[in-house]
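Data first, discussion second: the structure below is written as structure tokens.
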Number of protein chains: 2
Amino acid sequence: MVSSPPQIGKRSSSDWKALVRDFAAILGAKGVVQRKEELLTYECDGLTSYRVRPKLVLLPRNTEEVAAVVQLCDRHQLPWVARGAGTGLSGGALPVENGVLISTGLMREILEIDLENQQVVVQPAVINNWVTQAVSGAGFYYAPDPSSQIICSIGGNVAENSGGVHCFKYGVTTNHVLGLKLVLPDGSIVDVGGEVPEMPGYDLTGLFVGSEGTLGIATEIRLRIIKQAEAIQVLLADFTSVEAAGAAVSDIVSAGILPAGMEMMDNFSINAVEDIVETSCYPRDAAAILLVEIDGLAVEVTANADRIAQICRQNGAREIQIATDVQERSRLWKGRKSAFAAVGKIKPNYYVQDGVIPRTQLPYVLAEIEKLSEKYGYPVANVFHAGDGNLHPLLLYDEAIPGSLETVEELGGEILKLCVKVGGSISGEHGIGADKLCYMTQMFTEVDLQTMKWVNQVFNPHGLANPGKLFPTPRSCGEAAQTKMGIADRHLGADLF
Amino acid sequence: MVSSPPQIGKRSSSDWKALVRDFAAILGAKGVVQRKEELLTYECDGLTSYRVRPKLVLLPRNTEEVAAVVQLCDRHQLPWVARGAGTGLSGGALPVENGVLISTGLMREILEIDLENQQVVVQPAVINNWVTQAVSGAGFYYAPDPSSQIICSIGGNVAENSGGVHCFKYGVTTNHVLGLKLVLPDGSIVDVGGEVPEMPGYDLTGLFVGSEGTLGIATEIRLRIIKQAEAIQVLLADFTSVEAAGAAVSDIVSAGILPAGMEMMDNFSINAVEDIVETSCYPRDAAAILLVEIDGLAVEVTANADRIAQICRQNGAREIQIATDVQERSRLWKGRKSAFAAVGKIKPNYYVQDGVIPRTQLPYVLAEIEKLSEKYGYPVANVFHAGDGNLHPLLLYDEAIPGSLETVEELGGEILKLCVKVGGSISGEHGIGADKLCYMTQMFTEVDLQTMKWVNQVFNPHGLANPGKLFPTPRSCGEAAQTKMGIADRHLGADLF
């Protein structure tokens, strides 16, 4: 089956030598990384508690080289994992033992900019932020903005269907990918989607986005860019209860207002931030604050800001701050943007959870998380995309205390189960990767999962593409536990949300 | 292979009798239609030039009955076609000879309305318009609005990924489907998607939407509903050249304005409309008119209307009419809404084409269509969704003149090739169905198509679900030509755009 890694006879060193020679013939000697010290960098992605050293790292420069490398893997039944910038938080780019890692790192070119049709074509290792930089002079930007946007790659964004603060209004990555050039696991090159959004036939572009490297490698990505808004305002409202803040979020949406982003932080996070960053605009005694960004025409933004302020007040907001210029807006955002780093100072380690709930369940779920936190005896800070109900509870612990990581993971699992119970999802934007395999059965029936596996088998019949990810099997769940080394980095994911 | 219908031995009449008995055991006697007069209705969908009489029509009432019927088809290797309201224009619901038609016609219930989470769950035969009617009292609506919305079903909309006048701003059907309960061709029941938009795993909801009945039958559909806008205005601008109107469309979008809809009509259509409907607001000497609908906050709508008017004037618009109240708006829309019916009065028959082009190619493509029209000697009226470059050229002819349908189809094919040449698509919203199989190779390479066929084979391994649709094969292209009876209805698709 798809999700159990193929039987990799441990190849002899002469077999590997022959493989290195063959890969070098495609990529040049510099394109094949095999020294142990160099391989270290590739042992994990942003989820540092899982580590596996790949046998080789391959560095193709274009579609043809990717195809040749993948063909060679197919011929030798060699499992492979594709990796972009390695900032993912679910271990989606975790290498497979005795397999190769295909890094897109050298494919960093913006291939085409078509302002008239509002499209850009990029290679997979182009950094998210570069796209906006390349077109901002002409008044455009690329909307999906994961907090890691200055270091994460578009290829990785496509694999994980990344979200971001501004995805509440503009949609996640899948809503901004028009077409892809793909190398499938048999090494064939396929074009899906195209220059116009409506294409006949199956939506293979949509199928591929979010497939976490299990269906192939995107080597060229056609992105939609959008026009910068005329005006932007940021509004900060503080509440004396989490329920009130949650109700305000619901009421804003119910009023038909679509803010560009709507973020919430709880009292714990607020104080963590004020301890470190000293924004002096986040009230320490607030139970929760809401940060709402509104964009559009100047008249529209002003009118919406007024309505949002009114709704917040109706829900008991104490104070409302509104920022209109760039500097003021940055000041209000600063605390949110450094929240993870700040929380990380309180305890040596934290574990970031990523779940989604229907927006209307916010007050209930936050109260339940508080109860779970007390039951397990670990503090939980809540910083999240409130607009789309995408929670990011941060579970604080100290790895020096034996068994704490395991307990915290159990607590994290309870939070995911809670998300599923209220009709939500076990991942909003970080993906399943190697980390959440075993929660997939919480969300999907056997038949649902089997249907996805069928699709996987079509593209990935020998299970060589990113084995052991996305799909739960008794074996892979067991294995994942074994590869986990408990090395939780103090800076795990800091600033990446 | 997928796209060639299975070898259907012509079953003996005793075989059919046994099948009828088995189907009736599931559906009751009334759920199995077999009388020839009753079967007539089901010979074609909105594309009346293709007709095939099914052996039986089956009328399940719920998911379980659909599953039981499909299982029986699987057991007997009986090909089947699903049908909603039968308003499709590409022959997607064309029956297959010696096969059965599964009509969702009795599944017309709205199962759930969740205003708080802005969702509605419906059975497939619920009419598009009913969704809006069910929630409009609370200030919501369902955005995708094909012109057939008062008679077309949500199930059909899902199968064809239907668009509509307001899809420029709000997106087509796929952007509004959150989840589906599906019966797959082996009769298994699968849930894809869910209550929150971001779900882990493959986006099977997106894969299914637009799959034209070749992957299974959606028996429950979870739709996103959105809040009605505070204000709406409609603006009519008239131009002395098609190029100028096309340039205005480009400039409006480039200015970052996102109208709810943006429609264009050429001189031929304007005069056809004025002959019949006498709107008295469409100037007969205009080369083209633009109809732009803007929605949002009142202040925003007014500001955008001003900017759009200014852009139109800069591009040489002569007169600009703006309608703010319902009555005035209806008056401006009236001509557009009756354009197809009006054009249909000029010649006994017309053939509607459906293609997409990058918006920037509008002036070039319209000029080329004019040349093709002259070359072939058949008038072409252009009425279309200019915002998303979705053309609907109407090719006028008289079926009484031998060979005219064939020539018009050839002309239609030339227009599609032109769309593909400029980077567009052979279908914007009507689908491929039985009608455009043979143009798929214009748009996709053999490898691209093979990839889609692989996906088909996963779900539809015996090719029983809607055989002969979507995928070109030498055989199916030949067969399609044979089933075409040349009975082009005078009212073919009238008012349905």
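Bear in mind the structure is a predicted one, so any value in this text is a computation, not a measurement.
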Tell me, for [X] versus chain A, whether the close heavy atoms (under 4.5 Å) come from the side chain, the backbone, both or neither.
{"X": "Phe208(B)", "result": "neither"}
{"X": "Leu449(B)", "result": "neither"}
{"X": "Asn175(B)", "result": "side chain"}
{"X": "Thr360(B)", "result": "both"}
{"X": "Ile189(B)", "result": "backbone"}
{"X": "Val253(B)", "result": "both"}
{"X": "Asp186(B)", "result": "side chain"}

Practice task
Would you mind reporting whether Leu204(A) and Asp448(B) have side-chain heavy atoms less than 4.5 Å apart?
Solution key: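 Asp448(B) does not reach Leu204(A) side chain to side chain.
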Side chain from CB out, backbone as N, CA, C, O: work out which of these in [X] comes under 4.5 Å of a heavy atom of chain B, or both, or neither.
{"X": "Asp114(A)", "value": "neither"}
{"X": "Ala298(A)", "value": "neither"}
{"X": "Gln118(A)", "value": "side chain"}

What residue, out of [options], has the most heavy-atom pairs lying under 4.5 Å from chain A?
{"options": "Val192(B), Asp203(B), Val190(B)", "value": "Val190(B)"}
{"options": "Gly201(B), Gly389(B), Gly171(B), Ala229(B)", "value": "Gly201(B)"}
{"options": "Ser254(B), Ala303(B), Gly206(B), Gly210(B)", "value": "Ser254(B)"}
{"options": "Pro200(B), Gly256(B), Gly423(B), Ser211(B)", "value": "Pro200(B)"}
{"options": "Ile226(B), Ile432(B), Asp191(B)", "value": "Asp191(B)"}
{"options": "Leu258(B), Ile357(B), Val301(B), Val172(B)", "value": "Val172(B)"}

Exercise for the section: Answer yes or no: does atom CD of Glu116(B) have more than 12 heavy-atom neighbours from other residues, nucleotides or ligands under 6.0 Å? Expected result: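 For Glu116(B), atom CD is not crowded (no more than 12 foreign heavy atoms under 6.0 Å).
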Problem - Flag, side chain of Ser425(B) to backbone of Glu198(A), donor-acceptor distance under 3.5 Å - result: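 Yes, because the side chain of Ser425(B) sits within donor-acceptor range (under 3.5 Å) of the backbone of Glu198(A).
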Practice task
Kindly compute the distance separating CD (Glu230(A)) from CD1 (Ile257(B)), expressed to the nearest 0.5 Å.
Solution key: 9.5 Å
Problem - Atom pair CD (Gln361(A)) and CG (Asn117(B)), whose distance is rounded to the nearest 0.5 Å - result: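 Gln361(A) atom CD to Asn117(B) atom CG measures 7.0 Å (nearest 0.5 Å).
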Problem - Val196(B) to Pro358(A) - nearest heavy-atom pair and separation - result: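 Result for this residue pair: CG1-N, 3.7 Å.
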Exercise for the section: Quick one: which of Lys436(A), Arg307(A), Glu212(A), Gln119(A) has the most heavy-atom pairs under 4.5 Å with chain B, could you say? Expected result: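 When all of Lys436(A), Arg307(A), Glu212(A), Gln119(A) are compared, Arg307(A) has the most.
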Exercise for the section: Apply side chain to side chain contact (heavy atoms under 4.5 Å, CB included) to Asn304(B) and Leu297(A), showing your working. Expected result: CA-CA 8 Å; Asn304(B) 272 330; Leu297(A) 291 183; 3.4 Å; yes
Practice task
Go through the side-chain N and O atoms of Thr214(A) and Tyr202(B) and say whether any donor and acceptor fall under 3.5 Å apart.
Solution key: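 Short answer, yes.
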